[in-house]
Each structure stands twice: as C-alpha cells, then as structure tokens.
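Below is one structure; the comments refer to it alone.
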Amino acid sequence: MSSRTEPPAFAAERLSVRFGGFQALREVSWSVEAGRILGIIGPNGAGKSTCFLAATNMVTHTGRLMLAGRDVTATPPHLLPRLGLRRTFQQNAFFGGMSVLQNMAAALVEHRPISLAGAVFLPGREWRRRRAIEAEAGAHLERYHVPRDWHHHLPGELSYGTQRMLSIALAAAPGARVVLLDEPAAGLGGPDMLALRDLLMRMRDEGLAIVLIEHHMDLVMSLADEVVVIDLGQVIARGTPGEVQADGRVLEAYLGKAA
C-alpha cells in the first residue's frame, strides 16, 4: 500500500534566465516545504535575486514553477500573491502616502475583494467590515514587531529596522503560503537582528514556507533547514547548513570571496 506524498509548498524546476548574451541562471532548481526555511546563498552577482525574479514571473525564463502542486509558470506576477506566493524586496516598498495601518489593511483587503453593490447599498455593513479589517491589521502588525504607537505614522517615519519588519508583515499577511525574503537582514544589527531571527522562527513554526536570500551567514546557518549555493548562475551545492559549510566548492566559490 503506497503512501501519499504531499508536493512541496513551492518548487522551481530548471529555471534558466538569459539577459541578451548573458546567462544569468542555468537550470537552477530548488523547492521548499511548508514549515521549512530554505536559504539561498552565493557571491554577489551569482544569480540569487534573479532566482526570485524568475520564481515570481517578473523576468522571462524557461523551466517550471509549481505552487503546492499547481503549475503557475504562466501565471501573471500580479496574480501570484493572491495564490499565496509573496515576496519582499531589497529596497522597502510601501504606499508612501498611506499610514502603516492603511498599508497593512490594504494588503488584507486585496485578498478579500469587496462587492460594489454591498459598499453602495449596505454602507453600515461595509463600515463594520473595514473596522474589523483595521483591527486585524493592527494585531498583525504588532505580531511582526511594528509597535501600535507607529501604526498611524507614514512608513518613511519608521526606523529602518521597523520598516524591514513592516515589509515582512505585508508579505506574510493572511493568505500567504510561501514567502520569499530578499536580504531581510540588510542594514540590521543588535536587537533588530535578534527580533528578525525570532520572527522567522515563528513564521516557520506557524507553517509558512520561507525562502531566504541573505548575506548574513550566521543568520542563514542558524535558521535554514536546507541551503542551496549558487555561483555564476548555477547550483554548486545543496544540503544542510553543516554539509554546505564543509563543502570545498562552497569554501572556494563563495565563502572565500565573502571577505
């Protein structure tokens, strides 16, 4: 009697990307399961960020993308978040003219479309719905280390560390299944780094699938269940953090260049 095996939360299969005459990715494959963290590391220019661009259909690529067993290779980028595939960027991206709370509420509303008829003919019910969404947005922000005192400020008024937390909170809004984090620790240190580590562990424990591109090796090696190493657009090693750290190809191609 055969046992049923669940597909990965997300799988990138043989992704290749070419920019003109430059081969940015060459048949790169990786996958991540729910409740797991995959780390993607490599030297500057190795193709890590291109992996995320291809995985979210933001660049032309060959290969296949599977989201919980569903082929999303041809799904337009703006529809992927509705299916549960979310990402952050190296540079924080918010609606600058909206408050922190409004940014979070907008992320929630996006995945709960309102009825025009309901908004016009049942304004009381719509008002209560919006109040409920704002309350949920506030609670979600606090769970992601964005203090309530700052919810009515503009995102640009937050400290850099809190802005990074806001980026992750928006990506991990209810409905998220897979979260791609592009260098979330960039520019962080001290308490902010510890808060990020605790947050990523909690996200994993709550069942999210996380893919982490990061240059902070201590963070990756302490959190990742599996690590994929890319150099010159190709996967040169994969395994547990311990296996990757002991791989001579990684020491030569990546760790030796990090300094």
Side-chain angles (χ1 to χ4, degrees), residues 8-10 12 30-40 49 51-52 55-56 58 65 67-68 72 77-95 98-112 132-148 150-151 155 158-188 192-214 216 219-220 222-225:
F10 185 71
W30 45 267
S31 64
V32 63
E33 298 175 1
R36 304 269 287 180
I37 296 178
L38 172 70
I40 299 180
S49 290
C51 275
F52 276 11
T56 51
M58 296 184 72
L65 303 174
L67 181 61
V72 294
H78 69 279
L79 294 181
L80 290 173
R82 299 182 187 179
L83 300 178
L85 178 62
R86 316 273 180 79
R87 68 161 298 181
T88 65
F89 295 85
Q90 291 182 20
Q91 301 298 321
N92 295 322
F94 312 116
F95 294 112
M98 295 167 56
S99 71
V100 169
L101 184 65
Q102 288 169 335
N103 269 267
M104 191 70 246
L108 297 179
V109 169
E110 181 182 1
H111 304 283
R112 302 171 193 175
I133 287 176
E134 287 186 357
E136 182 181 353
H140 183 79
L141 286 168
E142 288 193 283
R143 292 183 66 248
Y144 280 76
H145 301 288
V146 182
R148 186 168 293 273
W150 291 96
H151 290 185
L158 302 179
S159 69
Y160 182 77
T162 305
Q163 287 186 35
R164 299 302 278 178
M165 295 298 178
L166 175 58
S167 290
I168 298 173
L170 293 171
R177 301 157 80 179
V178 182
V179 182
L180 312 181
L181 302 177
D182 197 348
E183 298 192 28
L188 301 187
D192 288 334
M193 184 68 80
L194 293 175
L196 175 63
R197 184 191 305 273
D198 291 344
L199 178 59
L200 295 180
M201 291 173 64
R202 191 180 76 214
M203 291 168 65
R204 173 178 59 189
D205 292 344
E206 291 174 352
L208 285 173
I210 301 170
V211 185
L212 178 67
I213 289 177
E214 188 53 68
H216 287 262
L219 183 67
V220 175
S222 67
L223 287 177
D225 299 289

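FYI, side chains are in, hydrogens and waters are out, and symmetry mates aren't considered; it's all heavy atoms of this structure.
Rounding to the nearest 0.5 Å gives a distance of 9.0 Å between CG of Leu196 and CE of Met203. Remark: Ser99 OG to Glu134 CD distance equals 8.0 Å, nearest 0.5 Å. A distance of 8.0 Å separates CD in Glu136 from CE in Met104, rounded to the nearest 0.5 Å. The CZ atom of Arg164 lies 15.0 Å from the NE2 atom of His145; values are rounded to the nearest 0.5 Å. The structure places CG of Asn103 at 9.0 Å from CG of Leu141, a figure rounded to the nearest 0.5 Å. Trp30 contributes atom CH2, which lies 7.0 Å from atom CG of Leu38 (distance to the nearest 0.5 angstrom).
When all heavy atoms are compared, the tightest approach of Leu108 to Ala173 is CD2-CB, 4.2 Å. Of all heavy-atom pairs between Ala185 and Leu219, the closest is CB-CD2, 3.9 Å. Shown here for Leu101 and Gly138, the closest heavy-atom pair between the two residues is CD1-N, 3.6 Å. In this structure, Ala176 and Ala171 approach most closely via the heavy-atom pair CB-O, 3.5 Å. Across all non-hydrogen atoms, the minimal contact from Ala172 to Leu208 is CB-CD1, 4.2 Å. When every heavy atom of Ala169 is checked against every heavy atom of His140, the shortest pair comes out as O-NE2, 2.9 Å.
Side-chain contact between Pro184 and Glu214 is present, with at least one heavy-atom pair separated by less than 4.5 Å. Residues Leu200 and Leu181 meet the side-chain proximity criterion, which asks for heavy atoms closer than 4.5 Å. Annotation: side chain of His216 is not in contact with side chain of Arg197 (no heavy-atom distance under 4.5 Å). For the pair Trp150 and Leu166, the minimum side-chain heavy-atom distance is 4.5 Å or more. Using a 4.5 Å heavy-atom threshold, the side chains of Asp198 and Arg202 count as separate. Looking at heavy atoms from C-beta onward, Phe10 lies out of side-chain contact with Val211 at the 4.5 angstrom threshold. The shortest distance between side-chain heavy atoms of Cys51 and Leu180 does not fall below 4.5 Å. Looking at heavy atoms from C-beta onward, Arg204 lies in side-chain contact with Asp225 at the 4.5 angstrom threshold.
Annotation: Met98, atom CE; neighbour count of heavy atoms from other residues, nucleotides and ligands within 6.0 Å is above 12. More than 12 heavy atoms of other residues, nucleotides or ligands shown are found within 6.0 angstrom of OH on Tyr160.
Side chain of Arg86 to main chain of Pro81: a donor-acceptor pair is present (N/O by atom type, distance under 3.5 Å, no hydrogens or angles). Checking side-chain atoms of Thr88 against main-chain N and O of Asp182 turns up a donor-acceptor pair under 3.5 Å.
The side-chain contact (heavy atoms from CB on, under 4.5 Å) with Pro147 is formed by just one residue from the set Leu158, Thr162, Val100; it is Thr162.
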